[in-house]
Amino acid sequence: MWPFRRSSAFDVRSSQPYWLLRDGMGDAGPALPGPLDCDVAIVGAGITGALIADALVATGLRVLVLDQREPALGSTAASTALLQYENDTHLTDLAQMLGAERATLAYRACVRSFTLLEERFPELLAESDYQRRESVYLAADEKAVDALRTEVAARRAIGIHVDWLDEAELRRLHGCRRPCAIVSPLAATLDPLRFTRGVLSACVRHGVRVYSRARVERIEELADALLLHVAGGANVRAGHVVVAAGYESMRFAPPVADIDNTFALVTDPLADTRRAAALPQIWESARPYLYLRGTRDGRVMLGGADVPFKNAMTREALLPRQVRKLAAAYEDLFGEKLPPIAHAWAGSFATTPDGLPFIGRVPGWNPRLQFALCYGGNGITFAVHAGDIVRAGIEGREHPLEPVFGFGRSETVRRGEQGGAGKPTAAVES
Ligand SMILES: Cc1cc2nc3c(=O)[nH]c(=O)nc-3n(C[C@H](O)[C@H](O)[C@H](O)COP(=O)(O)OP(=O)(O)OC[C@H]3O[C@@H](n4cnc5c(N)ncnc54)[C@H](O)[C@@H]3O)c2cc1C
């Protein structure tokens, strides 16, 4: 028998990711009461949409958030929620792709994400198990050592504090059996579901309207606004629209990303719960990579074994096999068996060629429409900047991060423009 109940969330993740089990469904949010009018409509109430709504609260604009599920139950509920400034693309590689100046800009922006987040949400982060942790980036094998040495030098050259661990120190401090690692003091973990719900609740208290079970099927261009066609017929007229619909945004957006599946698990609490609570984030130079963190209650959370996306059914069918791979990878890394697995799940996510997000307007498209495609392993760190970039777009200002997080940088996007792919006025199939 098929083990997973088909749920409305099934397309992006398993029906029972860890955070949902831990924090529960919560009360259902209000449904769209009928046709509405607003200044800004945000499509998607995941962590990205929530942070954008928060950034717009201060503008006095009438902001409305629509989600086809309940808030935060898309990919955000499946995330292992490692917050890193380090990109899936090394600084050195990014400099090759975008030039040194833009690569530096992108890395420094991600470094800044931590302060921005901590200054904006000090209490909510504490309630959401936010914890600063070191990040330990392992050389997967001897062949990776030179690239990591170059990477350390490049990061130090732009003022990022990193340390180097050789094989013996790495084994002594963290128990990892790898040739060396880059250690960054700047990284963190949190409970993404609790945090996102908290951000949205605060937004609602400040007048933002959040509606659940409101699936946007099509975006129509009007003379002086955009019209969101919502399943069920209660349409929303908006001065500006921000699509922050996770990887499901790709129905509306230019073709800038590939979709993969990733697999994750949590163990039972370790005998020494403090060991897991103090674990750094650990990940590696292999692609796809293994990633792990501890939880506050003493579990190890492990993810990786990514495969290209085919469909949700295949993803779930692969779960047992990929979980065995994760357990084997843990054993290979630490030379000890993975503690008993409490729960495992899978989710889909999108990656871009340079590992950076696409946020803001699309050149040549309707300027009332913006996207916040916070893809890649740093989705949450990128999302911290999305609100500010979107706000600049609404106010008709250039944003300093446009050269690195904007659509203008991508050859793929430019090809999409010429071919007219996914124009906002086109009917989008549901
Ligand atoms: C297993 C796994 C592990 C991950 N680990 C990490 C990690 O450690 N660190 C990290 O930064 N990122 C990680 N990610 C990626 C992570 O999920 C994203 O960074 C982040 O949660 C995405 O948030 P989002 O708000 O952009 O998207 P989502 O959380 O998917 O939110 C989008 C919302 O839009 C809604 N929506 C979609 N289409 C429509 C529509 N047509 N109409 C109305 N609403 C719509 C959805 O219901 C959803 O709630 C991981 C992903 C997975 C699957």
Side-chain angles (χ1 to χ4, degrees), residues 8-9 11-14 17-19 29 32 41-53 65-88 110 113 135 187-190 192-193 195-196 199-200 210-219 228-231 236 241-253 259-265 281 283 291-293 301-306 309 315 319 322 326 344-351 357 359 371-384 386 428-430:
S8 63
D11 287 345
V12 283
R13 57 161 174 80
S14 306
Y18 170 69
W19 303 110
L32 201 61
I42 300 168
V43 183
I47 196 164
T48 306
L51 288 169
I52 293 170
V65 185
L66 301 171
D67 200 296
Q68 65 182 352
R69 309 183 172 96
E70 297 296 328
L73 294 192
S75 167
T76 294
S79 173
T80 47
L82 280 66
L83 276 63
Q84 296 179 313
Y85 76 84
E86 301 162 288
N87 198 336
D88 287 356
C110 291
S113 298
S135 160
T189 53
L190 52 57
L193 183 54
F195 176 71
T196 304
V199 175
L200 287 170
V210 180
Y211 297 108
S212 303
R213 302 173 303 285
R215 176 180 166 79
V216 175
E217 295 185 319
R218 197 158 67 87
I219 305 172
L228 298 180
H229 291 259
V230 179
V236 172
V241 169
V242 187
V243 178
Y247 98 74
E248 292 160 303
S249 307
M250 282 157 69
R251 301 169 59 233
F252 303 103
I259 301 175
D260 289 320
N261 293 321
T262 188
F263 300 83
L265 61 86
Q281 293 180 9
W283 64 306
Y291 49 97
L292 67 92
R293 54 167 282 191
M301 185 179 281
L302 199 69
D306 304 359
F309 179 82
R315 181 191 66 215
L319 182 57
Q322 300 310 92
L326 288 176
W345 67 101
S348 302
F349 71 102
T351 52
I359 306 172
F371 292 91
L373 313 180
C374 295
Y375 295 158
N378 280 23
I380 299 174
T381 334
F382 296 142
V384 172
V428 178
E429 287 180 10
S430 58

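Everything numeric here is computed off the predicted structure, so don't read it as measured data. We count ligands from 1, going down the list as the structure has it; atoms in each ligand are counted the same way.
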**Message:** Considering non-hydrogen atoms of the protein only, which is the closest contact for atom 11 (O) of ligand 1, and what is the distance?
**Reply:** Ile380 N, 2.9 Å
**Prompt:** Could you give the distance from CG (Asp88) to OH (Tyr375), rounded to the nearest 0.5 Å?
**Reply:** 15.0 Å
**Item:** Taking atom 31 (O) of ligand 1 as the reference point, the nearest protein heavy atom with its distance
**Value:** Gly46 CA, 3.5 Å
**Request:** Please test Ile259 against Met250 for side chain to side chain contact (heavy atoms under 4.5 Å, CB included), starting from the C-alpha separation and ending with a verdict.
**Result:** CA-CA 10 Å; Ile259 301 175; Met250 282 157 69; 3.9 Å; yes
**Asked** Can you tell me the protein heavy atom closest to atom 20 (C) of ligand 1 and the distance?
**Response** Ile47 CG2, 3.9 Å
**Gln68: which of Glu217, Arg213, Glu248 passes side chain to side chain donor-acceptor pair (under 3.5 Å)** = Glu248
**Message:** What I'd like to find out is whether the side chain of Asp306 reaches to under 4.5 Å of the side chain of Phe349, using heavy atoms alone.
**Reply:** yes
**Complete:** Minimal heavy-atom distance between Gly46 and Thr76, with the atoms involved, is CA-OG1, 3.7 Å
**Request:** May I ask you to identify the nearest protein heavy atom to atom 27 (O) of ligand 1, giving residue, atom name and distance to one decimal place in Å?
**Result:** Gly246 CA, 3.4 Å
**Prompt:** Does Phe349, backbone or side chain, put an N or O under 3.5 Å from an N or O of ligand 1?
**Reply:** no
**Request:** Could you find the nearest protein heavy atom to atom 46 (C) of ligand 1 and give me its residue, atom name and distance?
**Result:** Arg69 NH1, 3.1 Å
**Complete:** Among Leu373, Asp67, Thr48, closest by heavy atom to atom 47 (O) of ligand 1 is Asp67
**Item:** Arg251 heavy atom under 4.0 Å from ligand 1
**Value:** yes
**Request:** Considering non-hydrogen atoms only, spot the tightest contact between Arg293 and Ala81 and give its length.
**Result:** NH1-O, 3.6 Å
**Request:** Indicate yes or no: does an N/O atom of Gln68 lie under 3.5 Å from an N/O atom of ligand 1?
**Result:** yes
**Request:** Tell me which protein heavy atom sits closest to atom 37 (C) of ligand 1, plus the residue, atom name and distance to 0.1 Å.
**Result:** Glu248 OE1, 3.2 Å
**Request:** Begin with the C-alpha distance, continue with both residues' side-chain angles, and end with the deciding distance and a verdict on side-chain hydrogen bond (donor to acceptor under 3.5 Å, both in side chains) for Asp67 and Ser212.
**Result:** CA-CA 5 Å; Asp67 200 296; Ser212 303; over 6 Å; no
**Request:** Give the residue, atom name and distance (to 0.1 Å) of the protein heavy atom nearest atom 14 (N) of ligand 1.
**Result:** Ser79 OG, 3.7 Å
**Asked** Can you find a non-hydrogen atom of Pro17 under 4.0 Å from ligand 1?
**Response** no
**Item:** Where ligand 1 meets Gly44 - atom numbers and elements under 4.0 angstrom, heavy-atom basis
**Value:** 33 (C), 34 (O), 35 (C)
**Residues forming a side chain to side chain contact (heavy atoms under 4.5 Å, CB included) with Ala264, sequence neighbours excluded** = Thr80, Trp345
**Prompt:** Just which atoms of ligand 1 are under 4.0 Å from any heavy atom in Thr262?
**Reply:** 1 (C), 2 (C), 52 (C), 53 (C)
**Prompt:** For ligand 1, does Ala346 get within less than 4.0 Å through its side chain, its backbone, both, or neither, judged by non-hydrogen atoms?
**Reply:** neither
**Request:** Report yes or no: does Ala50 have a heavy atom closer than 4.0 Å to ligand 1?
**Result:** no
**Fill in**
Of all heavy-atom pairs linking Ala386 and Ile52, the shortest is CB-CG1, 3.9 Å
**Message:** If I apply the N/O under 3.5 Å rule, does Ala45 come out as touching ligand 1?
**Reply:** no
**Prompt:** Which ligand 1 atoms are under 4.0 Å away from a heavy-atom of Leu82?
**Reply:** 7 (C), 8 (O), 9 (N), 10 (C), 11 (O)
**Item:** Ala81 touching ligand 1 at heavy-atom level, < 4.0 angstrom
**Value:** yes
**Prompt:** Out of curiosity, Leu373 CG to Tyr247 OH, how far, rounded to the nearest 0.5 Å?
**Reply:** 14.0 Å
**Message:** Could you measure the distance from the OG1 atom of Thr351 to the CG atom of Asp260? Nearest 0.5 Å is fine.
**Reply:** 4.5 Å
**Request:** Please state whether Tyr291 comes within less than 4.0 angstrom of ligand 1, counting heavy atoms only.
**Result:** yes
**Fill in**
Between the OG atom in Ser135 and the OH atom in Tyr85, the distance rounded to the nearest 0.5 Å is 7.0 Å
**Prompt:** Any heavy atom of Ala78 sitting closer than 4.0 Å to ligand 1?
**Reply:** yes
**Prompt:** Can you tell me the protein heavy atom closest to atom 19 (O) of ligand 1 and the distance?
**Reply:** Gly379 CA, 3.3 Å
**Prompt:** Rounded to the nearest 0.5 Å, how far does CD1 of Ile380 lie from CG of Leu82?
**Reply:** 8.5 Å
**Message:** To the closest 0.5 Å, what do you measure between CG (Leu83) and OG1 (Thr189)?
**Reply:** 8.0 Å
**Request:** Side-chain contact test, heavy atoms from C-beta onward, threshold under 4.5 Å: evaluate it for Tyr291 versus Thr262 and give yes or no.
**Result:** yes
**Fill in**
Counting from 1 in the order shown, the ligand 1 atoms closer than 4.0 Å to a non-hydrogen atom of Ala214 are 42 (N), 43 (C)
**Asked** Given Val43, Val216, Ile219, Leu265, which one has a non-hydrogen atom that is nearest to atom 41 (N) of ligand 1?
**Response** Val216
**Asked** Does any N or O atom in Ala372 lie less than 3.5 angstrom from one in ligand 1, N or O only?
**Response** no
**Asked** Counting heavy atoms only, which of Thr80, Leu66, Thr76 comes nearest to atom 29 (O) of ligand 1?
**Response** Thr76
**Request:** Determine whether the side chain, the backbone, both or neither of Asn378 has a heavy atom under 4.0 Å from any heavy atom of ligand 1.
**Result:** backbone
**Asked** Taking distance alone, with no angle check, do Ser75 and ligand 1 share an N/O pair under 3.5 Å?
**Response** yes
**Message:** Asn378: which residues meet the side chain to side chain contact (heavy atoms under 4.5 Å, CB included) condition with it, sequence neighbours left out?
**Reply:** Gln84, Cys110, Thr381, Phe382
